[in-house]
Amino acid sequence: IIDVGKKLIMPGIIDVHTHMREPGVTYKEDFATGSRACAKAGVTTFYDMPNTIPTTTTLGNLMEKKKLASEKSIVNFGLHFGGSKNDNIEEIKKVLKNREVNTVKIFMNVSTGEMLIEDDEILAKVFENSKLVLVHAENEMIDKAIELNKNYGSGLYVCHIPSAEEMKKVIDAKKNSKVNTKEHPVYAEVTPHHLFLNTEIRESTERNKMLLRMKPELREKSDNEFLWEAINRGEVDTIGTDHAPHLIGEKLEKITFGMPGVETSLALMINAYNEGKISLEMIQKLMCENPARIMKIEKRGKLQEGYFADIIVVDLKKEWTVGVDDTIESKCGWTPYENWKLKGKNTMTIVNGKIVYENRKINENVKSGKEVKFYD
Ligand code: DOR
Ligand code: ZN
Ligand code: ZN
Ligand code: ZN
């Protein structure tokens with residue numbers, strides 16, 4: 001029996017988009033520290049991106065990463081396979097056929113890692129041989145991804161849409177019944193940083209000029225506003241954080257793309273609810289229900305057999321200061337929202353029926369994380 005008083009009980013947050021840096025880049029983050037950050041903030045499942053070292057572009061590398069995550073993660077996890085510029089179509093076929101993953105991530109623009117695919121033939125083949133393809137695509141590359149999905153694909157998930165202009169492209173595609181079909185749907189992801197941060201905030205201090213850098217880059221305040229409107233019109237499918245930790249020294253020394261996100265995403269959204277910007281129902285849709293449906297963790301509202309409860313308890317009224325009233329669990333040790341005063345905070349995290357976080361403490365005795373299963 002758990003007495004949660006007047007707090008809100010919610011399904012755990014599913015973050016479709018994180019970079020947990022293991023293997024190969026574990027001085028920035030690893031599955032233990034990254035999953036602790038998740039547990040603290042109410043993320044009960046994260047999906048990890050393939051731009052690690054080595055990249056998750058072979059069956060062997062994927063199995064190695066699964067082993068590491070299973071051993072270390074205290075929350076549930078899924079892995080995205082990666083498309084390689086060196087053509088790994090045979091590996092993609094293998095991992096999908098073996099049902100080791102159900103998604104492939106590709107980079108269509110330059111970003112952190114060496115995964116940019118520029119060869120049109122490889123791009124077409126990736127779409128042809130995958131189920132859901134997650135893309136890092138900016139500007140014209142969004143048009144191209146939509147075309148590829150329509151001609152060859154079975155599903156497109158556009159990551160981190162940063163601006164009104166790019167969001168409009170995706171909205172048009174979603175509304176076009178010839179482009180967005182049951183056979184090849186189009187999904188839209190927005191990150192918290194493209195909702196809450198902009199160039200004005202970035203340019204306000206020398207420190208922010210270095211820290212608030214990521215791909216896609218922050219845009220104008222008017223872009224923040226457009227994205228909020230799109231959310232409230234129901235045109236956005238998910239909030240994914242693009243949790244991409246780098247050490248503060250690396251960020252201040254030279255421009256390095258990526259910022260941490262899992263520790264602040266839910267609190268920022270609950271704060272936005274308290275400011276009247278979004279409903280709780282919409283938060284649950286964007287951060288829990290839609291991710292579960294799109295990643296096929298559940299089918300027609302039913303979970304895979306063998307699942308236990310992933311539940312969080314949120315104090316909607318709790319006022320706190322980020323980085324002051326809490327400790328940062330991510331190995332990178334910083335957050336772009338430091339000193340932000342927020343109203344709303346996760347207070348308890350239950351993963352697979354076990355309490356992994358309570359009373360501002362991670363339960364060190366519980367290591368409940370498992371790889372998520374998916375339907376076809
Ligand atoms: O800013 C970014 N950082 N964008 C990406 O696409 C990759 C990420 C990273 O891995 O650091
Ligand atoms: Zn990206
Ligand atoms: Zn078609
Ligand atoms: Zn990313």
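Basis for what follows: all heavy atoms, side chains included, without hydrogens, waters or symmetry-related copies.
Once rounded to the nearest 0.5 Å, the distance linking OG1 of Thr57 with CD1 of Ile106 reads 13.5 Å. Remark: Asn352 CG to Ile74 CD1 distance equals 11.5 Å, nearest 0.5 Å. In this structure, CG on Asn61 lies 11.5 Å from CG on Leu79, to the nearest 0.5 angstrom. Separation of atoms CZ (Phe77) and CZ (Phe31) is listed at 7.0 Å; rounding is to 0.5 Å. A distance of 12.0 Å separates CE in Met282 from CG in Leu280, rounded to the nearest 0.5 Å. For the atom pair Asn271 CG and Thr264 OG1, the distance stands at 11.5 Å (nearest 0.5 Å).
Considering only heavy atoms from C-beta on, Glu138 stays 4.5 Å or farther from Pro162 through its side chain. A 4.5 Å side-chain heavy-atom check between Leu197 and Pro336 finds at least one atom pair inside the cut-off. At least one side-chain heavy atom of Val16 sits under 4.5 Å from a side-chain heavy atom of Leu134. For the pair Ile13/Cys288, a side-chain contact is recorded, criterion being any heavy-atom separation below 4.5 Å from C-beta on. Between Asn363 and Val366 the shortest side-chain heavy-atom distance falls below 4.5 Å. Considering only heavy atoms from C-beta on, Asp237 stays 4.5 Å or farther from Leu286 through its side chain. Taking 4.5 Å as the limit, some side-chain heavy atom of Met115 sits within range of a side-chain heavy atom of Pro50. Side-chain contact between Glu166 and Arg219 is present, with heavy atoms from C-beta onward closer than 4.5 Å.
Salt-bridge check for Glu165 with Lys168: failed, with every basic side-chain N at 4.0 Å or more from each acidic carboxylate O. Here Lys93 pairs with Glu90 in a salt bridge; the nearest charged N to carboxylate O distance falls below 4.0 Å. Under 4.0 Å is where a charged nitrogen must lie from a carboxylate oxygen, and between Arg202 and Glu217 at least one such pair does. The existence of a salt bridge linking Lys66 and Glu100 is confirmed by a sub-4.0 Å separation between a basic side-chain nitrogen and an acidic carboxylate oxygen.
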>> Test salt bridge (charged side-chain N to carboxylate O under 4.0 Å, His left out) on Asp143 and Lys169; report intermediate values, then the result.
In response: CA-CA 7 Å; Asp143 305 304; Lys169 290 175 191 284; 2.9 Å; yes
>> Pair Glu225, Lys221 - check salt bridge (charged side-chain N to carboxylate O under 4.0 Å, His left out), show working.
In response: CA-CA 6 Å; Glu225 280 155 18; Lys221 214 175 186 167; 5.9 Å; no
>> side chain to side chain contact (heavy atoms under 4.5 Å, CB included) for Met295 and His80? Distances and angles first, verdict last.
In response: CA-CA 10 Å; Met295 299 312 297; His80 298 302; 3.5 Å; yes
>> Evaluate Lys144 against Asp120 for salt bridge (charged side-chain N to carboxylate O under 4.0 Å, His left out), listing each step before the verdict.
In response: CA-CA 10 Å; Lys144 190 164 179 169; Asp120 284 348; 2.6 Å; yes
>> Using the rule given for salt bridge (charged side-chain N to carboxylate O under 4.0 Å, His left out), can you reason through Glu235 versus Lys174, listing the C-alpha separation, both sets of side-chain angles and the distance that settles it, and then say yes or no?
In response: CA-CA 8 Å; Glu235 293 163 345; Lys174 284 171 77 69; over 6 Å; no
> For Glu114 and Thr55, what are the C-alpha separation, side-chain angles and deciding distance, and is it a side-chain hydrogen bond (donor to acceptor under 3.5 Å, both in side chains)?
Replying inline: CA-CA 9 Å; Glu114 301 284 321; Thr55 54; over 6 Å; no
> Stepwise, does the side chain to side chain contact (heavy atoms under 4.5 Å, CB included) test hold for Leu266 with Ile312?
Replying inline: CA-CA 11 Å; Leu266 177 65; Ile312 57 176; 3.6 Å; yes
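Side-chain contact check for Asn76 and Asp310: at least one donor-acceptor pair (N or O, by modelled atom type) lies under 3.5 Å. In this model, a donor atom of one side chain and an acceptor atom of the other lie less than 3.5 Å apart for Glu29 and Ser330. Under the 3.5 Å distance criterion, with hydrogens and angles disregarded, no donor-acceptor pair is assigned to the side chains of Tyr152 and Glu147. At a cut-off of 3.5 Å, with distance as the only test, a side-chain donor of His246 or Arg21 sits close to an acceptor on the other residue. A side-chain donor from one of His136 and His160 sits under 3.5 Å from a side-chain acceptor of the other. Under 3.5 Å, the side chains of Tyr157 and Thr238 contain a donor-acceptor pair of N or O atoms. In the model, Asp15 has a side-chain atom that pairs as donor or acceptor with a side-chain atom of Thr241 under 3.5 Å. Looking only at atom types and distance, the side chain of Thr52 has a donor-acceptor partner in the side chain of Lys65 under 3.5 Å away. Of the N and O atoms on the side chains of Asn346 and Thr349, at least one donor lies less than 3.5 Å from an acceptor on the other residue. Donor-acceptor pairing under 3.5 Å is lacking for the side chains of Glu22 and Thr26.
No cation-pi contact links Lys131 to Phe374, judged by a cut-off of 6.0 Å to the six-membered ring centre and 45° from its axis. For Lys296 and Tyr375, the positive end is not near the middle of the six-membered ring at less than 6.0 Å and at most 45° from its axis. Note that Lys277 lies outside the cation-pi zone of Tyr273, set by a 6.0 Å cut-off to the ring centre and a 45° limit from the axis.
At least one donor-acceptor pair under 3.5 Å links the side chain of Asp326 to the backbone N or O of Gly323. Asn149 places a side-chain N or O within 3.5 Å of a backbone atom of His184 that can act as its donor or acceptor partner. Side-chain N or O atoms of Asp223 include one that pairs as donor or acceptor with a backbone N or O of Glu220 at under 3.5 Å. Put simply, the side chain of His194 gets close to the backbone of Pro216: a donor and an acceptor are under 3.5 Å apart. In this structure a side-chain-to-backbone donor-acceptor pair under 3.5 Å is missing from Asn359 to Lys361.
Note: His17 and His19 have tilted aromatic rings, judged against thresholds of 30 and 60 degrees for the angle between ring planes. Below 30°, between 30° and 60°, or above 60°: for Phe196 and Trp228 the angle between ring planes is above 60°, a perpendicular geometry.
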Indicate every side-chain donor-acceptor pair of residues 123-130 with a distance under 3.5 Å to a residue at least two apart or in another chain.
residue, atom, partner, partner atom, Å
Lys125, NZ, Asp87, OD2, 3.0
Asn129, ND2, Lys125, O, 2.9
Ser130, OG, Val126, O, 2.6

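Taking a 4.5 Å side-chain heavy-atom cut-off between Ile, Leu, Val, Met, Phe, Trp and Tyr, the cluster of Val324 contains only that residue.
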